[in-house]
Engineer: 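Below is a structure I'd like to ask you about.
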Amino acid sequence: MRVSRTRRLAALATLAALTAGPACTAGPAQAAPATASASATVTTAASAAGARPLAAGGLTADQRRRADQLISIFENSTTEIQYGYAENIDDGRGVTAGRAGFTTNDGDALKVVRAYTAVSPDNPLARFIPELERLASAGSGDTSGLPEAEYVAAWKRSAEDAVFRQVQDDQVEQRYFTPAMDQADRLGLTTALARAELYDASVQHGNGGEYDALPALIARTGAKAGSPAVAGEAAWLEAFFEVRIDDLTNPANSSTAGEWRKSVDRVECLRRIAATGNVDLDGPLAVTAFGSAYTVA
């Protein structure tokens, strides 16, 4: 899990088994706002045009792609997924790397490198596992023992390998997307936008038991607004935006405070999309985040 920056092969079948278990303006560049799409587990009345086929997580393939592109904008300032990104952003979490900002201080990057090594033992990152284990055990952001420059170079080199890119995709699916969609199903969320917001929060905040993590944000939103069924999904989502912004501004984890306070615009961007009524994430979307304009296809 990374804090926000103001900035897939025969082995893959084995891999799946091994790894299972400032202000923002936004609006559709084309097309009018659409009605809410059906959840994977919650059915809604179909529109006159007919229900759209859903992929995993209650999103269509297009909605999932746009959610991923939005998160990539927030994480790496581009709609293109950045598998090879790696740097120390001085947030106390060591090196932040890959498409979802896998960090070295908490076992996040370790899980990725272990999964990669399980299917490609001679990869450039395998030699860093012992030090990654030590850093995760200590919760340390000190990267001098890697050493940092060599680790960053190895990550970038590994990103040229399709197997490593698939490892990252699988880790995102299992550790961030699926937990977020499970929460969305439990809450009965039906719109692509609300599901995308939980997905983004999952990537940034994680899904653990900490005060700053997604489950705690959801609990505080419930205390503030009630359930989506009671408050209405739009009102619940607005309350979630408020709770998340408050957490980014005043996180319990002080080591993230500086970067997280800079990242509020990622929430405001999704909030502005909500204000346009485009809850289905119809595209293309023209968005401006952190002072730059993007088209989400």
Side-chain angles (χ1 to χ4, degrees), residues 1-7 22-37 52 55 57-83 85 89 96 98-101 169 172 176-177 180-181 184 189-205 214 217 233-234 236-249 259-297:
M1 175 183 63
R2 63 109 50 92
V3 295
S4 175
R5 297 169 66 245
T6 53
R7 309 248 189 262
C24 163
T25 59
Q30 301 172 357
T35 57
S37 57
R52 289 184 276 187
L59 301 176
T60 68
D62 286 342
Q63 290 167 340
R64 172 64 190 274
R65 184 186 65 255
R66 292 177 193 126
D68 281 325
Q69 288 180 323
L70 285 164
I71 292 171
S72 184
I73 289 170
F74 304 151
E75 293 283 332
N76 289 303
S77 304
T78 175
T79 58
E80 183 176 352
I81 304 299
Q82 297 295 293
Y83 298 97
Y85 163 79
I89 60 175
T96 294
R99 62 166 293 175
D169 289 343
V172 167
Y176 304 126
F177 182 73
M181 296 307 98
L189 299 177
T190 63
T191 65
L193 179 61
R195 286 174 170 263
E197 167 62 8
L198 263 59
Y199 179 24
D200 181 51
S202 176
V203 170
Q204 185 178 25
H205 297 255
L214 176 59
L217 299 180
E233 188 163 322
W236 185 92
L237 181 58
E238 175 60 27
F240 184 85
F241 287 147
E242 293 177 358
V243 167
R244 186 177 174 198
I245 289 171
D246 179 69
D247 190 75
L248 291 174
T249 306
E259 283 294 318
W260 276 21
R261 286 168 184 151
K262 299 174 188 175
S263 74
V264 169
D265 287 344
R266 73 193 285 165
V267 185
E268 294 291 0
C269 185
L270 292 168
R271 192 183 217 169
R272 187 60 64 91
I273 295 173
T276 71
N278 189 8
V279 296
D280 275 344
L281 291 182
D282 290 325
L285 281 170
V287 301
T288 303
F290 303 117
S292 297
Y294 305 89
T295 299
V296 178

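Keep in mind that what you see is a predicted model, and the values were worked out from it rather than measured.
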Engineer: Test Leu193 against Leu270 for side-chain contact (heavy atoms from CB on, under 4.5 Å), laying out the working first.
Structural biologist: CA-CA 8 Å; Leu193 179 61; Leu270 292 168; 4.0 Å; yes
Engineer: Within the 4.5 Å heavy-atom criterion, are Arg272 and Thr288 side-chain neighbours or not?
Structural biologist: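 Answer no - side chains too far apart.
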Engineer: Keeping Ser263 on the side-chain end and Trp260 on the backbone end, is there a donor-acceptor pair under 3.5 Å?
Structural biologist: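 Indeed, once roles are kept as given, a pair shorter than 3.5 Å links the two residues.
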Engineer: Can you sort out the partners of Tyr83 under side-chain hydrogen bond (donor to acceptor under 3.5 Å, both in side chains), two or more places apart, ordered by chain and number?
Structural biologist: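 Listed in chain order: Asp169.
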Engineer: How far apart are the closest heavy atoms of Ala274 and Phe241, and which atoms are they?
Structural biologist: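 Scanning both residues completely, I find the closest heavy atoms to be CB-CE1, 4.2 Å.
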Engineer: Do Asp68 and Tyr199 have side chains that approach each other closer than 4.5 Å (heavy atoms only, starting at C-beta)?
Structural biologist: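 Yes - at least one pair of side-chain heavy atoms lies under 4.5 Å apart.
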Engineer: So do the side chains of Arg99 and Tyr85 get within less than 4.5 Å of each other, counting heavy atoms only?
Structural biologist: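 Side-chain contact under 4.5 Å: no.
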Engineer: The test is side-chain contact (heavy atoms from CB on, under 4.5 Å); show your working for Leu70 and Ile273 and say whether it passes.
Structural biologist: CA-CA 11 Å; Leu70 285 164; Ile273 295 173; 4.3 Å; yes
Engineer: Mark yes or no for whether Ser72, through its side chain, and Glu80, through its backbone, hold a donor-acceptor pair below 3.5 Å.
Structural biologist: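 Yes, the answer is positive, given that a donor and an acceptor are paired below the 3.5 Å cut-off.
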Engineer: For the CG atom of Asn278 and the OG1 atom of Thr191, what is their distance to the nearest 0.5 Å?
Structural biologist: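 If we round to the nearest 0.5 Å, Asn278:CG and Thr191:OG1 are 10.5 Å apart.
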Engineer: Check whether any side-chain N or O of Arg65 sits under 3.5 Å from a backbone N or O of Ala297 as a donor-acceptor pair, and report yes or no.
Structural biologist: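 A pair under 3.5 Å: yes.
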Engineer: Using 0.5 Å steps for rounding, measure from the CD1 atom of Ile73 to the CG atom of Asn76.
Structural biologist: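 Between Ile73 CD1 and Asn76 CG, I get 11.0 Å after rounding to 0.5 Å.
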Engineer: What I'd like to find out is whether the side chain of Leu198 reaches to under 4.5 Å of the side chain of Phe240, using heavy atoms alone.
Structural biologist: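 Yes, close enough: below the 4.5 Å cut-off.
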Engineer: Partners of Thr249 by side-chain contact (heavy atoms from CB on, under 4.5 Å), sequence neighbours excluded?
Structural biologist: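 With sequence neighbours excluded, Thr249 shows a side-chain contact (heavy atoms from CB on, under 4.5 Å) to Ile245, Val264, given in chain and number order.
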Engineer: Would you please name every residue forming a side-chain hydrogen bond (donor to acceptor under 3.5 Å, both in side chains) with Arg271, sequence neighbours left out?
Structural biologist: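 Partners of Arg271 by the side-chain hydrogen bond (donor to acceptor under 3.5 Å, both in side chains) criterion, ordered by chain and then number, come out as Glu238, Glu268.
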Engineer: Checking Cys269 against Phe290 for the side-chain contact (heavy atoms from CB on, under 4.5 Å) test, could you report, in this order, the C-alpha distance in whole Å, the side-chain angles of both residues, the deciding distance, and whether it holds?
Structural biologist: CA-CA 9 Å; Cys269 185; Phe290 303 117; over 6 Å; no
Engineer: Checking Arg244 side chain against Leu217 main chain: does a donor-acceptor pair fall under 3.5 Å?
Structural biologist: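 Here the side-chain-to-backbone pair does not exist.
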Engineer: What's the shortest heavy-atom distance between Ser202 and Leu214, and which atoms?
Structural biologist: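 Minimum heavy-atom separation between Ser202 and Leu214: CB-CD2, 4.0 Å.
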Engineer: Please enumerate all residues that pass side-chain contact (heavy atoms from CB on, under 4.5 Å) together with Ala196, with sequence neighbours excluded.
Structural biologist: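 By the side-chain contact (heavy atoms from CB on, under 4.5 Å) rule, Ala196 matches Ala67, Leu281.
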Engineer: Can you name the closest pair of heavy atoms from Glu259 and Ile89 and give their distance?
Structural biologist: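 Where Glu259 meets Ile89 most closely, the heavy atoms are OE2-O, 4.0 Å.
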Engineer: Rounded to the nearest 0.5 Å, what separation is found between the OH atom of Tyr294 and the OG1 atom of Thr78?
Structural biologist: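 So the gap between those two atoms works out to 7.5 Å.
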Engineer: Can you check whether Asp62 reaches Arg66 side chain to side chain, under 4.5 Å on heavy atoms?
Structural biologist: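 Asp62 reaches Arg66 side chain to side chain.
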Engineer: Tell me every residue that passes salt bridge (charged side-chain N to carboxylate O under 4.0 Å, His left out) with Asp247, counting only those two or more places apart in sequence or in another chain.
Structural biologist: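 Only Arg220 meet the salt bridge (charged side-chain N to carboxylate O under 4.0 Å, His left out) criterion with Asp247.
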Engineer: Where do Ala100 and Val203 come nearest, in terms of heavy atoms and distance?
Structural biologist: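 For Ala100 versus Val203, the nearest heavy atoms are O-CG1, 4.1 Å.
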Engineer: State, yes or no, whether a side-chain contact exists between Gln204 and Leu248 at a heavy-atom distance under 4.5 Å.
Structural biologist: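 When only atoms from C-beta onward are counted, Leu248 and Gln204 do touch, with a gap below 4.5 Å.
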Engineer: Any side-chain heavy atom of Leu59 sitting closer than 4.5 Å to one from Phe177?
Structural biologist: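 Result yes, sub-4.5 Å side-chain heavy-atom pair found.
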Engineer: Using only atom types and a distance under 3.5 Å, with no angle test, would you say the side chain of Glu233 pairs donor to acceptor with the backbone of Thr190?
Structural biologist: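 A pair under 3.5 Å: yes.
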Engineer: What residues form a salt bridge (charged side-chain N to carboxylate O under 4.0 Å, His left out) with Asp246, not counting sequence neighbours?
Structural biologist: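 By the salt bridge (charged side-chain N to carboxylate O under 4.0 Å, His left out) rule, Asp246 matches no residue at all.
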